[in-house]
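Below you'll find the structure, written out as structure tokens, and then a few comments.
When a ligand or atom number is given, it counts from 1 through the structure's own listing order. Along the sequence shown, residues carry numbers from 1. The structure displayed is predicted, hence computed values, not measured ones.
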Amino acid sequence: MTIQEHVPLAPLTTLQVGGPARYLVEAASEDDVREAVDFARTRALPLFVLGGGSNLLVADSGWPGVVVKIAIGGITQREGDGAVLFDAGGGVDWDQFVAQVVARDCAGVECLSGIPGSVGGTPVQNVGAYGQEVSETIESVRALDLKANRVVVLPEQACGFRYRISIFNTTERGRYIILQITYRLTQGGTPSLKYADLQKHFASTGGPPSLAQVRATVRQIRESKGMLIVPGDADSRSAGSFFKNPVLSETEFHDLASRAELKGLKIPSYPALDAQSKVSAAWLVEHSGFAKGFMLGAAGISHKHALALINTGSASAADVARLKEKIRRGVEEAWGIVLEPEPVFVGF
Ligand SMILES: Cc1cc2nc3c(=O)[nH]c(=O)nc-3n(C[C@H](O)[C@H](O)[C@H](O)COP(=O)(O)OP(=O)(O)OC[C@H]3O[C@@H](n4cnc5c(N)ncnc54)[C@H](O)[C@@H]3O)c2cc1C
């Protein structure tokens with residue numbers, strides 16, 4: 001295990017803003033992770049676990065303690081009750097994992113193609129896109145429990161998955177370092193086509209598409225929305241969606257929908273659990289005076305997606321935070337809804 005000092009964190013994130021880590025440890029094994037934890041504990045330094053850095057806003061002052069970058073690799077395949085189980089190291093690149101399982105004709109994560117970040121990052125906010133969420137295929141999560149000081153295996157039911165929620169980013173935040181994940185996939189399964197954009201794309205092709213075709217199409221759609229990291233494309237220098245879609249009760253939703261109707265507008269919404277409605281945060285942003293391409297200093301809104309806040313090149317974390325605040329306040333003033341940021345704020 002090597003320990004580096006005063007390491008800039010901006011290049012380790014997709015937004016590419018933020019200051020240095022006092023210490024950075026790259027942990028390629030479970031032993032490395034334990035050592036890094038001991039290093040932080042003996043010095044009473046705060047610990048931050050870094051995956052692919054694709055869901056972070058790191059403060060300009062950086063992180064005063066130890067950043068552990070999870071670099072545990074390895075993908076292995078085994079049989080399990082009629083399904084195929086894949087054990088993937090927490091540091092494996094997520095999209096490379098998806099590419100591998102799709103190439104082996106295994107269904108279950110094809111719609112999650114093109115999402116940046118690490119395997120270990122996926123359960124944290126129960127990554128989802130185009131009608132799939134990782135909670136549908138995660139069998140178990142192997143993690144270092146910092147409270148009990150031992151490695152545990154958490155079955156899917158113990159992870160508390162909901163929309164953009166798990167125990168890892170709510171009730172047990174900071175308790176677990178995710179080391180490995182087991183996904184349960186279906187060999188030869190048909191691809192999931194729940195999402196309208198995908199259905200439309202394949203409507204005229206006749207017969208169900210292959211997993212590889214769905215993967216390629218998802219990546220294409222994502223690229224057109226700036227939601228695929230493309231080097232040189234400033235619209236993808238983001239943390240993905242910066243705000244979660246608000247989940248409203250029936251009454252709240254009807255109130256919002258009727259206020260929109262008075263303005264001759266129809267707000268896009270989707271059913272959520274417990275008779276709730278998930279409302280499009282992108283729509284709220286765009287109907288509160290923030291068009292795609294809106295700029296505030298060197299931070300802005302992507303030209304391709306109203307929910308992606310971008311670093312146009314020289315933005316600081318403070319610039320991005322200022323823009324976030326302006327949008328949040330604008331939406332609240334226009335619609336009375338307080339948008340909740342999706343990325344994790346580090347060192348603020
Ligand atoms: C262009 C773009 C598009 C995106 N599209 C989507 C999308 O469609 N759907 C979606 O859900 N998300 C999306 N995201 C957000 C992001 O890619 C995911 O949330 C991703 O899973 C984050 O993983 P990461 O490894 O980069 O985590 P990081 O950003 O490094 O960390 C995020 C959080 O997870 C914690 N964490 C990371 N790894 C571990 C670990 N091994 N153990 C414990 N905690 C850990 C960190 O401490 C932090 O709290 C997008 C982001 C970008 C930039």
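Checked by distance only, ligand 1 and L228 stay at 3.5 Å or farther apart across all their nitrogen or oxygen atoms. Checked by distance only, ligand 1 and N126 stay at 3.5 Å or farther apart across all their nitrogen or oxygen atoms. Here's the thing with A129: none of its N/O atoms is less than 3.5 angstrom from an N/O atom of ligand 1. Residue S54 has at least one N or O atom closer than 3.5 Å to an N or O atom of ligand 1. For ligand 1, the polar-atom distance check against I70 finds no nitrogen or oxygen pair separated by under 3.5 Å. Ligand 1 has an N or O atom lying under 3.5 Å from an N or O atom of G51, backbone or side chain.
Counting atoms of ligand 1 from 1 in the listed order, those under 4.0 Å from a heavy atom of P116 are 2 (C), 3 (C), 4 (C), 17 (O), 20 (C), 50 (C), 51 (C), 52 (C), 53 (C). Against a heavy-atom cut-off of under 4.0 Å, F48 is close to the following atoms of ligand 1: 46 (C), 47 (O), 48 (C). The atoms of ligand 1 that sit less than 4.0 Å from any heavy atom of Y176 are 43 (C). Counting atoms of ligand 1 from 1 in the listed order, those under 4.0 Å from a heavy atom of G117 are 23 (O), 24 (P), 25 (O), 26 (O). Each of the atoms 30 (O) of ligand 1 lies under 4.0 Å from some heavy atom of L50. For ligand 1, the atoms closer than 4.0 angstrom to any heavy atom of A239 are 51 (C), 52 (C), 53 (C).
Among G89, G121, G240, G53, the residue whose heavy atom sits closest to atom 2 (C) of ligand 1 is G240. Across Q125, R222, E223, M227, heavy-atom proximity to atom 6 (C) of ligand 1 is greatest for R222. Remark: among candidates V124, V230, V119, the nearest residue to atom 36 (N) of ligand 1 is V124, based on non-hydrogen atoms. Relative to atom 21 (O) of ligand 1, the option among V127, D233, T14 with the closest non-hydrogen atom is V127. Taking only non-hydrogen atoms, the option from L179, L112, N55, T13 nearest to atom 15 (C) of ligand 1 is N55.
Taking every heavy atom of both residues into account, T190 and L211 meet most closely at C-CD2, 4.4 Å. The shortest heavy-atom contact between R237 and L15 is O-CD2, 3.6 Å.
To the nearest 0.5 angstrom, S118 atom OG is 8.5 Å from D93 atom CG. In this structure, L144 CG and R175 CZ are separated by 11.0 Å, a value rounded to the nearest 0.5 Å. A distance of 6.5 Å separates CG in L296 from NZ in K326, rounded to the nearest 0.5 Å.
In this structure, V331 and F243 have side chains that are not in contact, with every pair of non-hydrogen atoms separated by 4.5 Å or more. Counting heavy atoms from C-beta on, the side chains of L24 and L12 come closer than 4.5 Å. Within the 4.5 Å cutoff, the side chain of S241 has heavy atoms near those of the M227 side chain. Residues I178 and I70 fail the side-chain proximity criterion, which asks for heavy atoms closer than 4.5 Å.
At a 4.0 Å cut-off, not a single heavy atom of W94 sits close enough to ligand 1 to count as contact. Between R164 and ligand 1 there is a heavy-atom distance shorter than 4.0 Å. Residue-ligand proximity: G90 is placed with every non-hydrogen atom at 4.0 Å or more from ligand 1.
We find that R328 and E325 are joined by a salt bridge, their nearest charged nitrogen and carboxylate oxygen being less than 4.0 Å apart.
Within the 4.0 Å heavy-atom criterion, both parts of V49, backbone and side chain, lie near ligand 1. Contacts of P343 with ligand 1, taken as heavy-atom pairs under 4.0 Å, are absent altogether.
The side chain to side chain contact (heavy atoms under 4.5 Å, CB included) test with T217 is passed by exactly one of E110, H201, R222: H201.
The side-chain tip of K69 does not point at the ring of W63 from less than 6.0 angstrom away and within 45° of straight on.
Note: Y183 and W94 have tilted aromatic rings, judged against thresholds of 30 and 60 degrees for the angle between ring planes.
Of the protein's non-hydrogen atoms, the one nearest atom 42 (N) of ligand 1 is I178 N, 2.8 Å.
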